[in-house]
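Step one of this worksheet: look at the structure below.
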Amino acid sequence: MSQLFVFLVIFSYLCATIREFMAKIGVFDSGYGGLTILEKIRQALPEYDYIYLGDNARTPYGTRSFEVIYEYTWQCVHRLFDEGCELVVLACNTASAKALRSIQQRDLLGVWEAEKSRRKRVLGVIRPTVEVVPSITRSQHIGLLATPGTVSSQSYVMELEKIDPALVVTQQACPMWVPLIEAGEHTSAGADFFVEKYVWELLEKDPLIDTIILGCTHYPLLLDKIKKTVPPGVQLVAQGDIVADGLRDYLRRHPDMAACLSAEEGSCRYLTTESVEKFSQSASIFLRETITPEHIEL
Ligand code: DGL
């Protein structure tokens with residue numbers, strides 16, 4: 001009996017140790033918006049273990065320069081690698097638009113060389129989003145609502161052009177939406193003014209738009225207000241399910257990556273550059289569970 005007990009203790013210790021060394025999936029956003037993506041990813045792929053990193057102390061990124069967005073994003077991705085992630089999803093359009101290419105084409109090469117392994121990967125949210133657009137639109141006129149950083153990068157315009165050169169893309173920057181959401185004011189009557197302002201400005205520029213991409217992971221929190229503002233027949237593309245499907249597909253096509261990920265507990269750690277009290281309080285707007293975040297310094 002006691003031998004069995006000792007065996008079980010050693011066995012569970014070994015399992016926990018192996019799990020500790022198995023890789024996690026990192027999900028990064030400048031703030032809380034990435035939680036809308038994380039939720040859908042965890043629903044689609046509940047078996048994996050995740051680490052969410054919100055750079056809440058430095059959000060919003062959307063109004064910052066290219067250099068700053070790149071530098072902050074790379075610091076966060078690097079931290080997620082250090083925490084045991086092999087695969088990192090930039091659940092932030094601004095970071096995907098401004099930093100993904102430099103990270104994939106330059107920084108990852110350095111990491112691979114140092115580790116003598118080409119396994120670590122970073123994925124963005126823009127490519128999977130644009131891929132669904134041609135099957136949705138009938139008028140071929142597409143609208144994009146996004147942060148000023150994403151709009152100025154022209155990333156959506158270029159990616160949509162690659163997918164279908166016949167698409168006519170019109171962009172509208174919405175600089176007030178992320179601050180309203182981060183301040184918890186997105187359900188207030190005051191938020192209606194800014195929702196209507198940006199949606200109408202977009203549709204005035206091109207009344208033929210029949211598909212609008214919500215190109216910021218914060219915007220699903222304004223979905224009800226946006227739906228009330230757009231004319232009937234205009235479809236809204238939110239990214240959560242699209243990114244989750246894209247990740248599932250990626251893991252199917254990359255079994256070597258899937259095999260190194262810990263897939264047992266479905267756990268999630270939450271890291272924030274803000275205070276843990278502030279993160280728990282604000283994250284409750286996005287999540288339906290109580291969490292215990294950890295503060296990090298970058
Ligand atoms: N959630 C981020 C995005 O998808 C933007 C938030 C910010 O401006 O920092 O673009």
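Whatever order the structure lists them in is the order used to number ligands and atoms, beginning at 1. Source: prediction; values computed, not measured. Both backbone and side-chain heavy atoms feed into the values below; hydrogens, waters and symmetry mates do not.
With a 4.0 Å cut-off on non-hydrogen atoms, Asp29 touches ligand 1 through its side chain and not its backbone. The part of Thr59 lying near ligand 1 is the side chain, judged by heavy-atom distances below 4.0 Å. Only the side chain of Thr147 comes within 4.0 Å of ligand 1, counting heavy atoms alone; its backbone N, CA, C and O stay farther away. For Val178, every heavy-atom contact with ligand 1 shorter than 4.0 Å involves the side chain, none the backbone. With a 4.0 Å heavy-atom cut-off, ligand 1 is reached by the side chain of Ser30 but not by its N, CA, C or O.
Ion pair Lys228/Asp224 not flagged as a salt bridge, since none of the NZ, NE, NH1 or NH2 atoms sits closer than 4.0 Å to an Asp/Glu carboxylate oxygen. Between Glu201 and Lys205 there is no salt bridge, since none of the side-chain N atoms of the basic residue sits less than 4.0 Å from a carboxylate O of the acidic one.
Heavy-atom separations between Cys92 and ligand 1 include at least one value shorter than 4.0 Å.
With respect to atom 3 (C) of ligand 1, the closest heavy atom belonging to the protein is Asn93 N, 3.2 Å. Looking only at heavy atoms of the protein, atom 10 (O) of ligand 1 is closest to Thr94 OG1, 2.7 Å.
Of the polar atoms of Gly62, at least one N or O is found under 3.5 Å from an N or O of ligand 1, judged by distance alone. Close N/O approach between Tyr61 and ligand 1 is found [any backbone or side-chain N/O within under 3.5 Å]. When only interatomic distances are considered, the shortest N/O to N/O separation between His218 and ligand 1 falls below 3.5 Å.
Cation-pi check for Lys98 over Tyr61 is not met; the charged atom does not lie both under 6.0 angstrom from the ring centroid and within 45 degrees of its normal.
Within the listing of ligand 1, atoms 1 (N), 2 (C), 3 (C), 4 (O) sit less than 4.0 angstrom from a heavy atom of Thr217.
Of the residues listed (Ile212, Leu203, Leu202), the one engaging Gln172 in a side-chain contact (heavy atoms from CB on, under 4.5 Å) is Leu202, and it is the only one. A side chain to side chain donor-acceptor pair (under 3.5 Å) with Thr94 is found for one member of Thr217, Thr59, Thr63, Thr147 and no other, namely Thr147.
The shortest non-hydrogen separation linking Arg58 to Leu298 is NH2-CD1, 3.4 Å.
Side-chain atoms of Asp164 never come within 3.5 Å of backbone atoms of Pro134 as a donor-acceptor pair (strictly under, hydrogens ignored).
Using modelled atom types, one finds a donor on one side chain and an acceptor on the other under 3.5 Å when comparing Gln239 with Asn93.
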